[in-house]
Amino acid sequence: MTKIKKVFAREILNSRGVPTIEVFVETKDGVFNSGVPSGSSKGKFEAIEIEDGGKRYMGKGKLKAVKIVNETINKILRGKSVLDQKEIDELLIQKDGTQNKSRLGGNVITGVSIAVCKAGAFYSKTNLFEYIKKLSGNKEKLFIPRPFFNVINGGAHVLSGLDFQEFIISPKLKSFPDNLAAGCEIFYKLKDVIKKNKIFAGFGDEGGFVPNIKYPEQALDLINKAIDLTGYKGKVDIVLDIAASQFYSNGKYKTSFKVFSPLSLKKYYLKFISKYNIIGLEDPFSEDDHGSWKEIVKNMSNNSFMIIGDDLLVTNPRMIEKAKKENLCNSAIIKINQVGSVSEAIEAVNLCKQNNWKVIVSHRSGETNDDFIADFAVGVGADFIKTGAPNRGERVAKYNRLLEIEKLI
């Protein structure tokens, strides 16, 4: 009854209008699907997306990936039980045989793995988040992670002069519904503040505002103004995703407002961290600039400040082990498609927890309406979930699923 009858896929568009794939796993009792996200700011060690090349969709078509699912994956998995999540993931990894999933494709393996997980939850007759909790060996009481709202977008997510990629607010109220309401209210008020200053230049890939500014302090001042006007002063933390690899070249960090050496960039961070209510920096240095990572962790070692690895770690257990050994960070972004499978992402989460790191489950800039990461974040016991501004359907889908889960735990 739990056996896979067929695995197939189709090409769809993600939230950036770029092709991705939707994978379907068919059993005797139904069909279970997964839309696969894609990032624009990628670590160089991420699992590889299979793309078509050529002129169609400027080379970003996914018909090759669809073919791999419909032909190769279908043959491999037909007759397997959807309850064997780890065995199926390991089989796909083995059949791929590369470190970066370049043969079958990280996008292919991600879609198949998530669809199998959804089918496994169905046959276990349990909620998806509870099934993931069991798969991960999570013994903690279930809770809803604190949300990260990316309310001002910059970097690779926009066409503007603001180099830092994400300006994130994280309300710290008593419940998820309260945090969601606060995030939305601040977002509404931020619109008024930006409009009043006549600097609105559109929205970014993750639904946040794109003001016509270039200095990070300007973005932070706008956010703090909105927080103050909504009455949430002292109840909201700020996190910045710098995505510094995007503007790192020849040992320098070249932003639109200044060229920094690694040391001067660290001093710049330390200066505005003390001024604004910032509790974490994501990818503050290039993934190749390990010396600077070590230095800033050393500087922040006496408090709970988060130095968050994303491009540095790419949800890869091997990279997490290396970062722990070298003391490069103390928190991690978890993106399933970075590493390729549900099982590997679970392994990454558990390794982070063993390190006493904070865990942030995250969306990608090119998203689908699939809300799997909401269940995943709850199931593995993530500290935070990052899924964009409360502004676009593919982002709001995750928040609405968390509201649903909140009623069930």
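All values derive from a computational prediction rather than experimental measurement.
Looking only at distances, no side-chain donor or acceptor of Ser170 sits under 3.5 Å from a matching main-chain atom of Asp237. Under the 3.5 Å distance criterion, the side-chain polar atoms of Asp205 are left unmatched by any main-chain donor or acceptor of Gly366. Checking side-chain atoms of Tyr269 against main-chain N and O of Pro284 turns up a donor-acceptor pair under 3.5 Å. At distances below 3.5 Å, not a single donor-acceptor pair connects side-chain atoms of Asp283 with backbone N or O atoms of Gly309. Side-chain atoms of Tyr131 never come within 3.5 Å of backbone atoms of Ala119 as a donor-acceptor pair (strictly under, hydrogens ignored). Between the side chain of Trp293 and the backbone N or O of Ser286 there is at least one donor-acceptor pair closer than 3.5 Å. For the pair Asp52 (side chain) and Leu63 (backbone), a donor-acceptor distance under 3.5 Å is present. A donor-acceptor contact shorter than 3.5 Å links the side chain of Gln218 to the backbone of Tyr215.
No more than 12 heavy-atom neighbours from other residues, nucleotides or ligands sit within 6.0 angstrom of CD on Gln99. When the shell of 6.0 Å around CZ of Phe143 is examined, it contains more than 12 heavy atoms from other residues, nucleotides or ligands. Taking a 6.0 Å sphere around NZ of Lys358, one finds it holds 12 or fewer heavy atoms contributed by other residues, nucleotides or ligands. Within a 6.0 Å sphere centred on NZ of Lys353, heavy atoms belonging to other residues, nucleotides or ligands number more than 12. Enclosure of atom NZ in Lys225 is not indicated, since only 12 or fewer non-hydrogen atoms of other residues, nucleotides or ligands lie within 6.0 angstrom. Counting non-hydrogen atoms of other residues, nucleotides and ligands closer than 6.0 Å to NZ of Lys172 gives a total above 12.
Sorted by first and then second residue, the side-chain hydrogen bond (donor to acceptor under 3.5 Å, both in side chains) pairs with a member in residues 135-145 form an empty list; sequence neighbours excluded. Applying the side-chain hydrogen bond (donor to acceptor under 3.5 Å, both in side chains) test to every pair with at least one member in residues 392-409, sequence neighbours left out, gives these pairs: Ser15-Arg395, His363-Arg395, Glu367-Lys398, Asp375-Arg401, Arg392-Glu394, Arg401-Glu404. Listed by first and then second residue, the side-chain hydrogen bond (donor to acceptor under 3.5 Å, both in side chains) pairs that reach into residues 177-187 are Ser175-Asp178, Glu185-Tyr232, sequence neighbours excluded.
Note on Glu282 versus Lys386: salt bridge recorded, some NZ/NE/NH1/NH2 to OD/OE distance being below 4.0 Å. Electrostatic pairing of Lys335 and Glu46 does not count as a salt bridge here, judged by no charged N lying under 4.0 Å from a carboxylate O. In this structure, Glu321 does not pair ionically with Arg318, as no charged nitrogen and carboxylate oxygen lie closer than 4.0 Å. Ion pairing between a basic and an acidic side chain is recognised when a charged N comes within 4.0 Å of a carboxylate O; Lys134 and Glu130 show no such pairing.
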Intermediate values then yes/no, side chain to side chain donor-acceptor pair (under 3.5 Å), Glu344 and Asn316: CA-CA 7 Å; Glu344 289 168 295; Asn316 189 310; over 6 Å; no
CA sep, side-chain torsions, deciding dist, call: Asp89, Gln85, side chain to side chain donor-acceptor pair (under 3.5 Å): CA-CA 6 Å; Asp89 288 345; Gln85 181 74 44; 3.1 Å; yes
From CA spacing to verdict: salt bridge (charged side-chain N to carboxylate O under 4.0 Å, His left out), Glu90, Lys86: CA-CA 6 Å; Glu90 288 179 348; Lys86 190 169 179 61; 3.4 Å; yes
Evaluation steps, side chain to side chain donor-acceptor pair (under 3.5 Å), between Tyr123 and Thr27: CA-CA 10 Å; Tyr123 281 107; Thr27 68; 2.7 Å; yes
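With rounding to the nearest 0.5 angstrom, the CD atom of Glu166 is 10.0 Å from the CZ atom of Phe148. For the atom pair Leu312 CG and Ser245 OG, the distance stands at 8.5 Å (nearest 0.5 Å). Note that CD1 of Ile385 is 5.0 Å distant from CG of Leu402, once rounded to the nearest 0.5 Å.
Considering only residues two or more places apart in sequence or on other chains, Asp221 meets the side-chain hydrogen bond (donor to acceptor under 3.5 Å, both in side chains) condition with Tyr276. Applying the ring-ring contact (aromatic ring centres under 6.0 Å, His included) test to Phe200 and every residue at least two apart in sequence or in another chain returns Phe203.
Residues Asn153 and Glu206 have side chains that never bring a donor and an acceptor to within less than 3.5 angstrom of each other.
For Phe32 and Phe24, the ring centers sit 6.0 Å or farther from each other. Between Phe129 and Phe376, the distance from one ring center to the other does not fall under 6.0 angstrom.
Just one of Val339, Ile21, Ile336, Val23 meets the side chain to side chain contact (heavy atoms under 4.5 Å, CB included) condition when paired with Thr110; it is Ile336. Of the candidates Thr387, Asn337, Asn14, Arg364 forms a side chain to side chain donor-acceptor pair (under 3.5 Å) with just one, namely Asn337.
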Donor-acceptor pairs are to be reported for all side-chain atoms of residues 2-12 against protein atoms at under 3.5 Å, with residues two or more places apart or in another chain.
residue	atom	partner	partner atom	Å
Thr2	OG1	Ser81	OG	2.8
Arg10	NE	Glu22	OE1	2.7
Arg10	NH2	Glu22	OE1	2.8
Glu11	OE1	Arg56	NH2	2.5
Glu11	OE2	Arg56	NH1	3.2
Glu11	OE2	Lys62	N	2.7

